[in-house]
Amino acid sequence: MASAVNTTPLHLLFSLLVLQFASGFIVNDDKYKRQVSLELNPGLNASVRPPPGVGLLHVRALGANDTLHFLLCSLDAPTLMLVHTNSSSSSVKVDWRRFLSGNTSGSLRVEPQSSVQYSSALVFTRVWEYDDANDTADPQTLPPSSFLPPYQLQNFTWEDLGQTVNLTTDTARLCGQDGAASFRNGSFCLQISAFGSGGRDPGWPRLLHNANSSQLRVWLDGVTARSNFSRFFLELETVGRSDLLSRVDVLRSIDDEYTPSIFEVSQWVASPPNATSPVLGYTQWKPVAYRSATPNLEQATPCRHSEPLPLARLPPSGLVRAYFGDGYRASGLNVTFGIAGDPMYSASKYLSWTVLVGLGSPPVDSFSPVVIAIMAVGLGTPMILILVGGVCVCVRRKRVEPLAYEPIN
Amino acid sequence: MERENTTDVEGFRYSTLKSSYKRELKQSEKGSHSSQRSGRSWKMAETEDLLNEYEPLQPRADSGARKPLAAVCDPSRLAHRVVVLTFMCFLGFGSYFCYDNPAALQIQVQKDMKLTTSQFMQLYAWYSWPNVVLCFFGGFLLDRVFGIRLGTVIFSLFVCFGQVIFAAGALFNAFWLMEVGRFVFGIGGESLAVAQNTYAVSWFKGKELNLVFGLQLSMARLGSTVNMNIMGWVYGHMQSLQGSTGHTTLGATLMIAGVTCLFSLVCALVLGYLDKRAEKILNKEQGKTGEVIKLTDVKDFSFSLWLIFLICVAYYAAIFPFIGLGQVFFIEKFNFSPAEARAVNSIVYIISAPASPILGFLVDKTGKNVIWVLCAVVATLAAHMMLAFTFWNPWIAMSLLGVSYSLLACALWPMVAFLVPEHQLGTAYGFMQSIQNLGLALIAMAAGSILDNSGYLFLEVFFCASVCLALIAVVMLYFVNLLRGGDLNLSASARAKLQKSATSDSE
């Protein structure tokens with residue numbers, strides 16, 4: 001018994017050490033840096049007053065000779081737009097009167113327009129709820145009667161984006177409610193994090209980001225489930241040039257040290273039809289959602305995505321309407337949270353999911369220096385021992401030999 | 001000289017120290033495999049000597065007038081010994097079956113009791129804690145305090161009550177009670193293995209002893225394997241019976257698993273009765289472990305022996321905690337179905353059953369124990385690195401792990417007998433067992449929290465590091481032995497020569 005009691009501090013110490021090791025080293029593979037600045041409602045003057053809850057956040061990520069513009073807007077369905085220009089002086093121009101009136105293409109431009117290299121948008125269109133009484137967690141196999149009326153995010157009332165902008169951490173949060181009773185104590189939120197350099201967020205899933213990306217964490221908190229066995233899924237759409245192919249690649253990775261127990265990463269990429277040409281832009285996520293605001297292994301729940309389908313029309317988003325015109329096309333997919341046997345939404349009343357949106361090829365995880373160091377020391381030490389020991393033994397034998405009797409002749 | 005008096009047991013010549021290696025070998029197979037659970041059979045070496053005095057299991061001279069018994073009932077006949085053997089084999093079945101219950105039901109335990117992985121691994125740690133101390137006293141309790149018959153029944157009762165408390169903890173949704181259950185279970189489990197070996201020696205010494213050890217070992221493996229593959233199914237049935245899952249489903253499932261312990265308790269009672277009966281009919285005494293433990297002997301332990309202890313701790317730390325967490329690992333990383341994951345997780349046990357005797361024979365015939373240990377450690381390292389850094393089918397890595405694990409058991413445990421004078425063997429093995437249990441308890445807890453915080457890759461790297469530590473110790477052992485001219489790494493023929501000259505010297 002005594003030994004059991006005495007080792008508890010030891011155990012604590014050990015786990016602390018491990019924690020220290022695991023969190024102390026964060027690799028910054030990507031050395032490319034950008035200067036990030038956040039601006040709310042660019043170019044808005046006193047003459048125009050946007051309706052309450054409508055805000056446009058402009059994240060300008062200035063590189064050596066190019067600029068990335070990220071735009072997050074709550075006009076209609078919440079949208080994150082990405083525009084890449086090859087000029088370090090490009091800017092976002094908004095004709096606010098036309099922009100707010102809606103249905104007018106070209107009210108939001110990035111100038112000079114000739115500098116624009118690539119643009120795309122990710123739109124969160126609907127949150128679906130379904131009655132999973134048989135606990136299959138597979139909405140594709142369920143009859144239509146199982147589906148409850150979806151929450152249309154374009155109808156949500158959004159809180160003031162300006163109050164949540166944090167210029168030190170380069171984050172902003174957008175929270176909204178549906179008018180329905182089920183959202184009385186609940187909300188659907190998106191938090192954007194912009195990055196000037198490579199790294200990882202401290203919280204799981206700790207996606208690797210670089211200067212060409214920004215991260216969106218989406219969570220559904222405190223919503224009253226409308227059935228006893230409610231599960232949720234999220235409908236996403238991307239808008240991109242119509243000549244680009246949209247597909248989801250699922251890559252397996254042996255490295256789960258940043259997102260424990262997750263050995264896959266999914267990336268929804270836009271690439272030219274030519275198979276060899278590189279990916280132009282991506283939306284990347286790990287197939288995991290968390291059922292608590294402080295993610296841990298027990299609260300992790302797997303998520304799955306459906307195959308992306310080309311859509312006939314562009315999503316109901318203010319940004320998309322204002323910026324994208326002909327030559328752009330939308331495709332959509334659903335992300336389902338939970339698998340059979342997992343607790344229903346109402347057990348924790350919380351779901352959080354994180355995606356990374358960026359330009360170029362998605363970042364690829366690599367081993368942390370701790371892992372490499374441990375393996376190097378672990379494998380190197382025996383090798384050195386064998387070498388040193390072998391030399392020692394040889395030397396000794398040599399030294400002993402002359403002492404031995406030798407034939408006189 | 002009783003010892004010099006070579007007794008032919010299954011074709012093995014037993015003489016003094018050097019030859020006790022062979023007995024060790026057999027023992028160790030048993031011991032080490034059973035996970036930490038074991039390794040104490042070596043104590044039999046001394047037991048056999050003790051028992052030599054009662055050697056002939058012949059009817060007492062004065063009972064000559066007794067009317068002849070049917071073969072099955074006559075303790076001096078093979079038929080009766082087979083009956084006894086059956087009970088002996090099933091004596092340990094319950095404890096082996098229930099030891100890995102948490103591993104077989106990891107997902108369900110964690111879900112129903114809402115546990116983190118580190119809390120889950122506490123169930124294994126609590127099993128090991130009592131054995132850190134009991135390794136020194138289990139034999140003493142059996143010999144001096146309870147006697148083998150009562151002792152076996154008492155330890156079986158501990159196993160039973162431990163499992164019942166464990167299951168009750170799940171029924172009442174009290175995790176602390178489950179931990180208490182594992183602690184009580186641990187008190188009984190390890191000592192029961194010693195009792196089982198003592199019974200085996202007492203009944204089969206000079207007869208089918210090696211075969212019996214082999215059979216008991218296979219039963220142990222069978223228990224673990226059946227557990228791994230059947231518990232999920234039992235849980236599924238309980239679930240459909242109750243119509244819902246929850247801690248009561250888990251509790252009921254574990255109670256059902258407890259039936260195997262009850263069965264083992266019945267075996268203990270029957271064995272006690274048969275042993276008593278044999279004592280009356282034959283001039284036979286209660287078996288003794290013959291274990292002598294003197295803690296002050298520790299100061300005489302050589303550097304090589306400490307290296308062996310280090311290998312033992314570092315190596316087994318990368319096996320048993322891994323198997324404890326294996327099932328979910330195979331599901332998460334390799335997308336295995338739960339049933340397939342349980343099967344691949346139990347392959348180590350399945351392989352070790354047939355591989356142990358074969359590899360034991362191989363090591364026995366060739367000698368060179370250090371090289372064999374080195375091979376086993378390198379193979380284990382390779383297996384763990386495969387699991388860590390590749391998506392190769394885990395059947396490959398786990399089979400390799402199974403073979404190397406059996407090989408290590410055959411080659412490592414006997415080495416102690418070369419390094420320690422016979423009268424200190426008890427202390428040395430007790431110490432080895434004790435720190436092995438200490439290591440397992442600590443590593444089990446560490447493994448859980450590593451997984452919770454840093455995931456499977458890091459956990460596998462941690463196990464690799466542990467095996468690397470064992471590798472370093474083996475390499476050092478090789479050179480220390482080489483430089484000091486020790487006989488750990490002699491070939492079997494050189495060893496025989498040495499033994500011959502030692503024998504002639506003493507004459």
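Just so you know, these numbers come straight off a predicted model, no measurement behind them. Just so it is clear: chains get the letters A, B, ... in the order the sequence lines come, proteins before strands, and each one is counted from 1.
With contacts defined as side-chain heavy-atom distances shorter than 4.5 Å, the pair B/Tyr478/A/Ile386 does not qualify. The side-chain heavy atoms of B/Leu381 and A/Leu379, taken from C-beta on, include a pair separated by under 4.5 Å. Counting only heavy atoms from C-beta outward, the side chains of A/Val393 and B/Leu483 approach each other to under 4.5 Å.
Of the atoms belonging to B/Lys114, not a single heavy atom falls under 4.5 Å from chain A. B/Thr390 touches chain A through its backbone: at least one of N, CA, C or O sits under 4.5 Å from a heavy atom, while the side chain does not. Heavy atoms closer than 4.5 Å to chain B are found in both the backbone and the side chain of A/Glu257. At a 4.5 Å heavy-atom cutoff, B/Ala441 makes no contact with chain A through either its backbone or its side chain. Residue A/Asn296 does not touch chain B at all, counting heavy-atom pairs closer than 4.5 Å.
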Inset, instruction - Just do the side-chain contact (heavy atoms from CB on, under 4.5 Å) check on A/Ile254 and B/Glu460 with the steps written out, would you? - result: CA-CA 11 Å; A/Ile254 56 169; B/Glu460 273 299 319; over 6 Å; no

Legend entry - From CA spacing to verdict: side-chain contact (heavy atoms from CB on, under 4.5 Å), B/Phe479, A/Leu385: CA-CA 9 Å; B/Phe479 285 116; A/Leu385 262 178; 5.6 Å; no

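In this structure, the separation between CD1 on B/Ile472 and CE on A/Met383 is 10.5 Å, given to the nearest 0.5 Å. Here CZ of B/Phe458 is found 9.5 Å from OH of A/Tyr258. Values are rounded to the nearest 0.5 Å. One finds the CG atom of B/Asn335 at 10.0 Å from the CZ atom of A/Phe263 (value rounded to the nearest 0.5 Å).
Top candidate by heavy-atom pairs under 4.5 Å with chain A, chosen from B/Met476, B/Gln110, B/Lys333, is B/Lys333. Considering only heavy-atom pairs separated by less than 4.5 Å from chain A, the leading option among B/Ile331, B/Leu482, B/Leu459, B/Leu469 is B/Leu482.
Within 6.0 Å of atom CZ in B/Phe158, 12 or fewer heavy atoms from other residues, nucleotides or ligands are found, so the atom counts as exposed in its surroundings.
The closest donor-acceptor contact from the side chain of A/Asp256 to the backbone of B/Gly455 lies at 3.5 Å or more, if one exists at all.
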